Number of protein chains: 2
Amino acid sequence: MLDPWTLRVLVEVARRGSFSAAARALSMTQPAVSRQIAGLEKRVGVSLFQRVPRGVRSTAAGAAAVDLADEILARLKAMEVHLTAYATLDTGQLRLTAFPSVNSSFVPAAIRRFRAAYPGVSVSLTHPDPAGPLAAVRAGRTDIALLTAWDLAAPVDGIELHRLLDDELLVALPVGHRLAGRKRVRLRDLRDETWIEGGHPDCLGPAPQLADGLGSAPQIGFVCDDWNSKQALVAAGVGIALVAASAMMAIRTDVAVRRTHPELPTRTLYAAAVAQPFQTPPVAAMLKMFAMRTKQLDTSEFPAVLRVHE
Amino acid sequence: MLDPWTLRVLVEVARRGSFSAAARALSMTQPAVSRQIAGLEKRVGVSLFQRVPRGVRSTAAGAAAVDLADEILARLKAMEVHLTAYATLDTGQLRLTAFPSVNSSFVPAAIRRFRAAYPGVSVSLTHPDPAGPLAAVRAGRTDIALLTAWDLAAPVDGIELHRLLDDELLVALPVGHRLAGRKRVRLRDLRDETWIEGGHPDCLGPAPQLADGLGSAPQIGFVCDDWNSKQALVAAGVGIALVAASAMMAIRTDVAVRRTHPELPTRTLYAAAVAQPFQTPPVAAMLKMFAMRTKQLDTSEFPAVLRVHE
DNA sequence: GATCAAGCATGCATCGAGCGTATGTCAGAC
DNA sequence: GTCTGACATACGCTCGATGCATGCTTGATC
């Protein structure tokens with residue numbers, strides 16, 4: 001295997017025209033250079049430099065060798081730079097997995113911030129894995145998976161969980177609904193309503209508490225994956241739905257969102273990622289972005305939330 | 001400097017999907033592979049392989065690294081092959097320097113044989129160096145310079161001289177010349193002739209002996225570099241000239257070439273090249289070609305020579 | 001569920017490639 | 001004629017990579 005250091009010596013000798021000068025330039029001694037070149041010449045079986053009184057002169061083979069070596073050294077350097085770029089987030093990729101209700105505003109906002117900070121890293125956002133968020137991370141199918149507290153069974157080793165947000169659960173009604181005028185809606189008053197459930201289990205919230213508040217199990221009228229369709233169904237008066245406060249950036253004007261009484265427990269949002277030693281720089285950076293987002297989470301960033309208090 | 005051996009390990013690990021398998025394939029131990037990869041990862045600051053129970057899986061950076069490494073390793077191999085090709089004469093170059101009279105047949109024949117044996121080596125043929133053949137070789141301006149015996153002053157150190165040919169000197173006359181019918185021409189009978197001298201001093205031969213034979217100094221009528229023009233001048237009856245037997249392949253039919261009486265001393269042809277330790281393979285090969293040529297030198301290869309004996 | 005096998009990481013001793021110092025030799029320069 | 005600059009070689013040493021032994025974790029199997 002040709003040693004790059006030998007190639008480095010080779011090009012320096014060709015450039016300087018002398019072993020001694022090359023040695024000085026490379027902070028080594030002249031005998032070391034002499035041996036390097038001699039070894040290379042012995043290896044390829046051809047003289048690369050003609051020894052002349054003033055120093056050395058490239059032979060035809062030597063000149064060709066210098067050209068090839070220059071090319072290779074440049075590529076080695078480029079490889080190192082390219083790989084280092086992964087550490088400095090100048091390049092790389094990040095795969096996110098999240099479910100519809102956080103995809104409406106929370107995740108896109110984080111991605112926007114991430115992209116602004118690290119434009120070289122390509123971010124992809126995929127739908128939830130059938131095997132669950134933790135399994136998806138564990139199997140390496142995604143880098144960060146978002147999940148809510150009640151997805152969380154036993155904490156899995158090798159997976160880091162980051163608490164991102166305590167998300168308030170609200171009820172979405174058509175603006176013309178009989179209870180839409182209230183600041184808070186009594187859950188008990190909703191016991192006869194038809195509920196629209198999201199495709200993801202998180203989208204209906206903690207069923208036991210909801211059932212307790214209603215006084216009976218909610219009547220599920222529709223199951224609908226798509227957040228837009230869900231809103232449209234609510235607006236059309238087909239039914240009512242639970243929504244998370246963090247998703248209210250994308251709320252329609254013909255849908256009213258109201259707090260409940262009693263309040264439903266907050267839904268805690270977590271990010272799951274592989275644990276520290278094997279965490280890639282983009283993952284760590286995105287987790288920081290999420291954390292930063294949490295700190296700055298206030299009602300001013302969610303103008304739609306204000307409408308809750310109308 | 002990125003070590004090629006590390007790159008080799010890198011691609012092997014990626015190909016096999018496991019440190020242990022890569023170690024077996026590379027005839028080394030698993031800890032060695034582990035440390036190679038760990039060192040590379042530490043160096044570029046990014047994880048290249050994700051450690052999974054079955055073995056390892058490339059990260060995005062790892063996959064990119066493997067592609068780059070593959071490219072570099074291929075180029076390193078190509079470089080080694082290319083340089084080795086200089087030793088095996090699959091490529092290279094050879095610069096010859098020779099004067100017109102040997103360029104008419106002797107040198108072209110040798111070049112033809114050389115090219116047939118080593119088609120990858122490019123041969124160039126240049127005109128004599130103003131500083132002389134030995135100086136040209138010594139200064140590295142040419143690889144092999146041809147010279148005749150009387151060019152040879154003191155033997156120069158670092159230069160090898162190879163005796164190639166003892167070349168007979170003959171006289172060229174117009175076919176209609178009064179002496180063209182003889183098998184041999186008495187030099188004395190030519191004392192009143194006008195001589196055409198070649199641009200190169202060798203082309204008139206050893207002046208003292210010629211003057212002795214003629215009985216007086218030859219009258220130089222023309223000086224002409226070009227061998228074809230020289231022949232044409234002889235054919236036109238402008239004058240007569242000396243020619244070397246080895247140049248008779250290219251003789252015109254309206255020029256008669258005759259031996260002289262007394263015979264002129266033979267002109268010995270030498271090849272000068274740098275001495276052994278720094279001799280390139282093409283030079284050594286061409287010297288062999290010249291030597292082979294010498295052995296096979298007989299009249300059957302010079303049909304024109306036969307006409308001397310007519 | 002307990003053992004087993006496979007695979008990666010780490011500590012320790014060893015070996016060798018490459019280096020530096022010292023020295024020899026040779027060719028120009030003044 | 002001496003002197004300087006440049007390359008080659010011998011010798012001793014250092015440091016980095018390797019191999020061996022070991023520990024740990026995970027998945028498979030009975």
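None of the values given here were measured: they were computed from a predicted structure.
Look at B:Glu41 and B:Arg51 and you find a salt bridge, because one of the NZ, NE, NH1 or NH2 atoms lies within 4.0 Å of a carboxylate O, short of that distance.
Put simply, CE on A:Met1 is 14 Å from P on C:dG18, counting in whole angstrom units. A:Phe49 places its CZ atom 11 Å from the P atom of D:dA8, with the value rounded to the nearest Å. The separation between B:Arg24 atom CZ and D:dG19 atom P is 14 Å, rounded to whole Å. Residue A:Lys42 contributes atom NZ, which lies 11 Å from atom P of D:dT9 at whole-angstrom precision. Across the protein-nucleic acid pair, A:Ile37 atom CD1 and D:dT9 atom C1' stand 17 Å apart, rounded to whole Å. Atom P of nucleotide C:dA17 and atom CG of A:Leu40 are separated by 17 Å, given to the nearest angstrom. Counting to the nearest Å, the P atom of C:dG7 and the CZ atom of B:Arg57 are 17 Å from each other. Straight-line distance from the CD atom of A:Gln36 to the C1' atom of D:dT9: 16 Å, rounded to whole Å.
For A:Ser122, the side chain to side chain donor-acceptor pair (under 3.5 Å) test picks out no residue, with sequence neighbours left out. The side chain to side chain donor-acceptor pair (under 3.5 Å) search around B:Asp67 returns none, not counting sequence neighbours. Applying the side chain to side chain donor-acceptor pair (under 3.5 Å) rule to B:Arg54 yields no partners; only residues at least two apart in sequence or on another chain are considered. Scanning for salt bridge (charged side-chain N to carboxylate O under 4.0 Å, His left out) contacts around A:Arg8 gives A:Glu12, with sequence neighbours left out. Taking A:Ser124 as the reference, nothing meets the side chain to side chain donor-acceptor pair (under 3.5 Å) condition, with sequence neighbours excluded.
When each of B:Glu41 and A:Trp5 is assigned the nucleotide of DNA chain C with its nearest heavy atom, B:Glu41 is the one assigned upstream, toward the 5' end. In this structure, B:Arg54 and A:Phe19 both approach DNA chain D, and ranking their closest nucleotides by distance from the 5' end singles out A:Phe19.
DNA chain D is contacted by A:Ser18 of residues 8-18 of chain A, taking any non-hydrogen atom closer than 4.0 Å.
Applying the ring-ring contact (aromatic ring centres under 6.0 Å, His included) test to every pair with at least one member in residues 66-97 of chain B, sequence neighbours left out, gives these pairs: B:His82-B:Tyr86.
For the pair A:Leu287/A:Ile144, a side-chain contact is recorded, criterion being any heavy-atom separation below 4.5 Å from C-beta on.
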Give the table of side-chain donor-acceptor pairs shorter than 3.5 Å for residues 17-34 of chain A, with sequence neighbours excluded, one pair per line with atom names and distance.
| unit_1 | atom_1 | unit_2 | atom_2 | d |
| --- | --- | --- | --- | --- |
| A:Ser18 | OG | A:Ser20 | N | 3.1 |
| A:Ser18 | OG | A:Ala21 | N | 2.9 |

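Residue A:Ser34 places at least one side-chain N or O closer than 4.0 Å to OP1 or OP2 of D:dA8.
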Please list, pair by pair, any protein nitrogen or oxygen found under 3.5 Å from a nitrogen or oxygen in nucleotides 20-23 of chain C.
| unit_1 | atom_1 | unit_2 | atom_2 | d |
| --- | --- | --- | --- | --- |
| C:dG20 | OP2 | A:Thr29 | N | 3.1 |
| C:dG20 | OP2 | A:Thr29 | OG1 | 2.8 |
| C:dG20 | N7 | A:Arg35 | NH2 | 3.3 |
| C:dG20 | O6 | A:Arg35 | NH1 | 3.3 |
| C:dG20 | O6 | A:Arg35 | NH2 | 3.1 |

